[in-house]
Amino acid sequence: MKVVLPDKSELELPAGATGLDAARAIGPKLAEQAVLVRVDGQVQDLRTPLGDGDEIQLLTTRDTQDPDALAVLRHSSAHLLAEAVRRLYPGVKIAIGPPIENGFYYDFDFPEPLREEDLERIEAEIKREISEGRHWERSEISRDEAKTRFAAEGEPYKVELVDTADGDISLYTQSHDGSDDFTDLCRGPHLQNSKPIKALKLTHLAGAYWRGDSTKPQLTRIYGTAFYSQEDLDAYLERLEEARRRDHRRLGVELDLFHLSEASPGSPFWHPKGMVVWNELEDLRRRENAKRGYAEVKTPLIYDKSVWETSGHWEKFRDNMFLVAGEGEEPHAGLKPMNCPGHMLLFGSQLRSYRDLPIRYAESSTLHRNELAGTLHGLLRVRHVTQDDAHIFCTEEQVPGEIDGCIEYAKTLYELFEVVPHAELSTRPENRLGSDEEWDRAEGILQEALERHGIPYVIGEGEGTFYGPKIDLHMDDALGRSWQMGTIQADAQMPKRFGLTYMGADNTEHTPVVIHRALLGSLERFVGILTEHYAGAFPFWLAPVQVRVLPVGDAHLDAARTLVLRLLEAGYRAEVAEPSETIGKRIRAAELEKIPFTVVYGDRESNESLAVRDRGGEQSELSLASFVDRLATL
RNA sequence: GCCGGAGUAGCUCAGCUGGUAGAGCAACGCCCUUGUAAGGCGUAGGCCGUCGGUUCGAGUCCGACCUCCGGCUCCA
């Protein structure tokens, strides 16, 4: 048979030949360094037979940055981890251990709780295995054989995995010098041997439910990472350090933007400087909404239980709500976790005509969501949520156009911050209202809109809200964790439940459709993500202090104050740093605070000649007038 | 909510096996009068997360709770 190499040349191989055979046919060095083969773009184990006409690409230990090559290395590392844990902790049951972005993990059921310091000896044992050497063999067996084998070994989790696995069952055995060190149920692919694992580190420990199901037993997950070289591991650890420096929780305190307190977990205290950023975002929201026919409204914070029963929140969202009850009473009201019911009531308060539609209500008032204690995270997961929220009431025919409008609007906003969120189409969850037909329709409308705009997206199976599917916009924090920002949702349920109608041109009553949309998402979360994105160095228009003037000595204080006054009059946020410290120290402070411009003012300066320094340390000399002109372009 | 870890001055952290708490930075005061990333000297600052227990004695040991960190689940 023939296979096709990346340069389109053909390689003649005997029938049943594997990726490794192909490598051998090309050269012994390649065969030694090969770690996996891509067949028609799909990763495949070197030991798996190729098919006639396959287009193959061999990856080697030199492809140190290739995600697939790293995944194989890490997957094999996970198996070494499992072997080590089994040897060190008799009675442990093994579950599952895949590679993940930046590393790998393996889940175990330990008879005794594992502690953080145990990682050291486990890591030492893995390193011993590597120095001893392991090579992997692949074998295919029947489902029954696999079940018998794992049942005999006392591995119930593996038995369950065999039961639910689709396709053939394959095993990987790792061994050295003829010993059989560890055999695991695994789809692969794996390395040929452990030599390429040049750097490995167990990083942390966490609990994880079996099969991600909170009703199932909680296992102990050991996380680690591995690389093809020590330098790559060092670089990775350095990147983690850098990410910690960008952490908005740290910068929030350092830059005096906000703080969090036990006094009200999950509810930030916004400091004056943080409020500047916040208000700039609010101004942006108002300005842009006004251009697009949104009308700002304000609706109550607390509603009677009956409202939440009507909306479905009492049934579907109650656990996440702060409820209001008198002494010894059952709750009779709740704080709003979303604005939609208020907007429904507002819409329903008057007779509506098709001529009024679409009606676009915008509101960014405070929402309260009683998030589980363990899920709170700085500004990124809070209990006090403020969205740049709006609800668009329209006819069914108007829905696609309104969705388009929201998508265009979102693009405009995100471009302003020079970020590209990734889109997700979140489909029907198990816990939902409405019929399958309604969901088919709503999901279809959103999907078509994404495709119309050529926006790449992934499907978030079951991640829609209880009342409708949504297009979500996600962004990553400094550590690469993904957070949902904006959301655009199509909803046929709420208007029906609230009995909303409008009079159509046909002189009969119709039920409007509602589009729920928050484009930046929660302002708390958005400020958090922006802080990490900019590492605290906000663009000029968002910077809490835009210009700081440093008089060289007391003699220059008045002139500096006058200069600040001019800048304030020109509409900029400027302040004086009094000369109680040296210039060097005040410059340093301004740099650490990431203030866009500092102006040193001494004997040599005048309004005709200012010494301006930007955040990068770049200095320039220009007149006040041209400085102000320059600021106006930012 | 669950698993693991942590909580000492405003911040970053030290405090060995129990003997009554310490540094740097920040703050404040004085001196210096400053020229583009830390001038000098000094002062003040802590219910060692909270409550309970063991002990002659607890920052240190034990328990419960609270909060935070990393995950899991959840989630807009």
Side-chain angles (χ1 to χ4, degrees), chain A residues 100 105 107 110 113-119 203-223 244 247 249-250 253-254 256 259-266 317 319-320 337-340 367 369-378 380-383 385-387 389 426 429 431 460 463-467 470 472-473 479 481 483-489 516-518 521-522 524-525 550-557 579-593 598-605 611-615 617-619:
Chain A
I100 51 173
Y105 68 77
D107 285 346
F110 283 92
L114 196 71
R115 283 159 317 172
E116 199 98 344
E117 58 257 38
D118 293 319
L119 292 184
T203 52
H204 55 290
L205 205 58
Y209 298 106
W210 170 235
R211 310 221 114 178
D213 184 339
S214 58
T215 64
K216 298 208 158 100
Q218 188 160 38
L219 308 174
T220 302
R221 175 170 297 179
I222 299 176
Y223 284 91
R244 272 187 264 279
D247 190 319
R249 292 166 298 185
R250 178 193 178 114
V253 172
E254 284 176 6
D256 198 17
H259 82 272
L260 293 157
S261 159
E262 288 188 21
S264 184
F317 208 74
D319 289 348
N320 284 303
M338 299 179 192
N339 285 310
C340 31
L367 308 176
R369 298 181 182 183
N370 195 6
E371 301 292 346
L372 293 177
T375 64
L376 300 178
H377 186 97
L380 300 182
R381 188 77 182 268
V382 289
R383 287 188 173 139
V385 185
T386 312
Q387 293 176 324
D389 202 8
S426 298
N431 191 17
E463 288 179 24
T465 72
F466 66 84
Y467 51 78
K470 53 203 181 92
D472 291 327
L473 302 174
L479 278 168
R481 292 174 291 213
W483 298 88
Q484 187 199 301
M485 310 304 289
T487 183
I488 300 169
Q489 313 171 352
H516 307 241
R517 47 114 290 190
S522 116
E524 286 85 358
R525 181 174 287 179
L550 316 184
V552 171
D554 288 334
H556 314 108
L557 192 49
S580 55
E581 293 291 352
T582 58
I583 283 289
K585 189 157 181 175
R586 282 178 283 159
I587 294 270
R588 178 176 151 82
E591 288 285 352
L592 292 175
E593 289 173 58
T598 48
V599 177
V600 174
Y601 202 102
D603 288 337
R604 297 179 217 149
E605 282 72 32
V612 176
R613 176 193 166 107
D614 71 20
R615 265 195 293 234
E618 208 59 34
Q619 290 176 47

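Since this is a predicted model, take the numbers as computed values, not measurements. A note on names: the letters A, B, ... follow the listed sequences, proteins ahead of strands, and every chain is numbered from 1.
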Please give the distance between the C1' atoms of B/U12 and B/C72 as a whole number of Å. 30 Å

By side chain to side chain contact (heavy atoms under 4.5 Å, CB included), which residues pair with A/Leu372, not counting sequence neighbours? A/Thr375

Might you list the N or O atoms of the protein lying below 3.5 Å from N or O atoms in nucleotides 66-72 of chain B, with each pair's distance?
{"residue": "B/C69", "atom": "OP1", "partner": "A/Arg249", "partner atom": "NH1", "Å": "2.8"}
{"residue": "B/C69", "atom": "O3'", "partner": "A/Arg249", "partner atom": "NH1", "Å": "3.4"}
{"residue": "B/G70", "atom": "OP1", "partner": "A/Arg249", "partner atom": "NH1", "Å": "3.4"}
{"residue": "B/G70", "atom": "OP1", "partner": "A/Arg249", "partner atom": "NH2", "Å": "2.7"}
{"residue": "B/G70", "atom": "OP1", "partner": "A/Arg481", "partner atom": "NH1", "Å": "3.4"}
{"residue": "B/G70", "atom": "OP2", "partner": "A/Arg249", "partner atom": "NH1", "Å": "3.1"}
{"residue": "B/G70", "atom": "OP2", "partner": "A/His377", "partner atom": "ND1", "Å": "3.2"}
{"residue": "B/G70", "atom": "O2'", "partner": "A/His204", "partner atom": "NE2", "Å": "3.4"}
{"residue": "B/G70", "atom": "N2", "partner": "A/Leu205", "partner atom": "O", "Å": "3.4"}
{"residue": "B/G71", "atom": "OP1", "partner": "A/Arg481", "partner atom": "NH1", "Å": "3.3"}
{"residue": "B/G71", "atom": "OP2", "partner": "A/Arg481", "partner atom": "NH1", "Å": "2.9"}
{"residue": "B/G71", "atom": "O3'", "partner": "A/Tyr223", "partner atom": "OH", "Å": "3.1"}
{"residue": "B/G71", "atom": "O2'", "partner": "A/Tyr223", "partner atom": "OH", "Å": "3.0"}
{"residue": "B/G71", "atom": "N2", "partner": "A/Gly207", "partner atom": "O", "Å": "3.3"}
{"residue": "B/G71", "atom": "N2", "partner": "A/Gln218", "partner atom": "NE2", "Å": "3.4"}
{"residue": "B/C72", "atom": "O4'", "partner": "A/Gly207", "partner atom": "O", "Å": "3.0"}
{"residue": "B/C72", "atom": "O2'", "partner": "A/Tyr209", "partner atom": "N", "Å": "3.0"}

When all nucleic acid strands are considered with a 4.0 Å heavy-atom cut-off, which category describes A/Leu367: base, sugar-phosphate, or nothing? nothing

Do any N or O atoms of the protein come closer than 3.5 Å to N or O atoms of nucleotides 9-17 of chain B, and which pairs are they?
none

Reckon A/Pro337 touches a base, only the sugar-phosphate, or nothing at all at heavy-atom distances under 4.0 Å? nothing

Partners passing side chain to side chain contact (heavy atoms under 4.5 Å, CB included) against A/Glu463 (at least two apart in sequence or in another chain): A/Glu424, A/Ser426

B/C3 base / A/Arg115 side chain donor-acceptor hit below 3.5 Å: no

Check the interface with nucleotides 24-28 of chain B: list each N/O to N/O pair with the protein under 3.5 Å, or write none.
{"residue": "B/A26", "atom": "OP1", "partner": "A/Lys585", "partner atom": "NZ", "Å": "3.0"}

Test of understanding: with side-chain hydrogen bond (donor to acceptor under 3.5 Å, both in side chains), list the residues that count as partners of A/Asn320, not counting sequence neighbours. none

Can you name the residues that form a side chain to side chain contact (heavy atoms under 4.5 Å, CB included) with A/Phe466, not counting sequence neighbours? A/His313, A/Lys316, A/Phe317, A/Leu433, A/Met494

d(A/Tyr209 OH, A/Leu219 CG) to nearest 0.5 Å is 11.0 Å

How would you list, by chain and number, every residue that makes a side-chain hydrogen bond (donor to acceptor under 3.5 Å, both in side chains) with A/Asp256, sequence neighbours excluded? A/His271

Stems in RNA chain B: runs of 3 or more consecutive Watson-Crick or G-U pairs, distances under 3.5 Å? B:1-7 with B:66-72, B:10-13 with B:22-25, B:27-31 with B:39-43, B:49-53 with B:61-65

When all nucleic acid strands are considered with a 4.0 Å heavy-atom cut-off, which category describes A/Glu591: base, sugar-phosphate, or nothing? base

Just to be sure I understand the rule, does A/Asn320 reach a base, reach only the sugar-phosphate, or reach nothing, if contact means heavy atoms closer than 4.0 Å? nothing

Residues in side-chain hydrogen bond (donor to acceptor under 3.5 Å, both in side chains) contact with A/Ser580, at least two apart in sequence or another chain: none

Under 4.0 Å, heavy atoms only, any strand: does A/Ala611 hit a base, just the sugar-phosphate, or nothing? base

Set of side-chain hydrogen bond (donor to acceptor under 3.5 Å, both in side chains) partners for A/Arg250, sequence neighbours left out: A/Glu254

Contact class for A/Glu605 (heavy atom, under 4.0 Å): base, sugar-phosphate, or nothing? base

A/Arg481: what forms a salt bridge (Lys or Arg N to Asp or Glu O under 4.0 Å) with it, not counting sequence neighbours? A/Asp477

Nearest of B/U36, B/G1, B/G5 to any side-chain atom of A/Leu372? B/G1

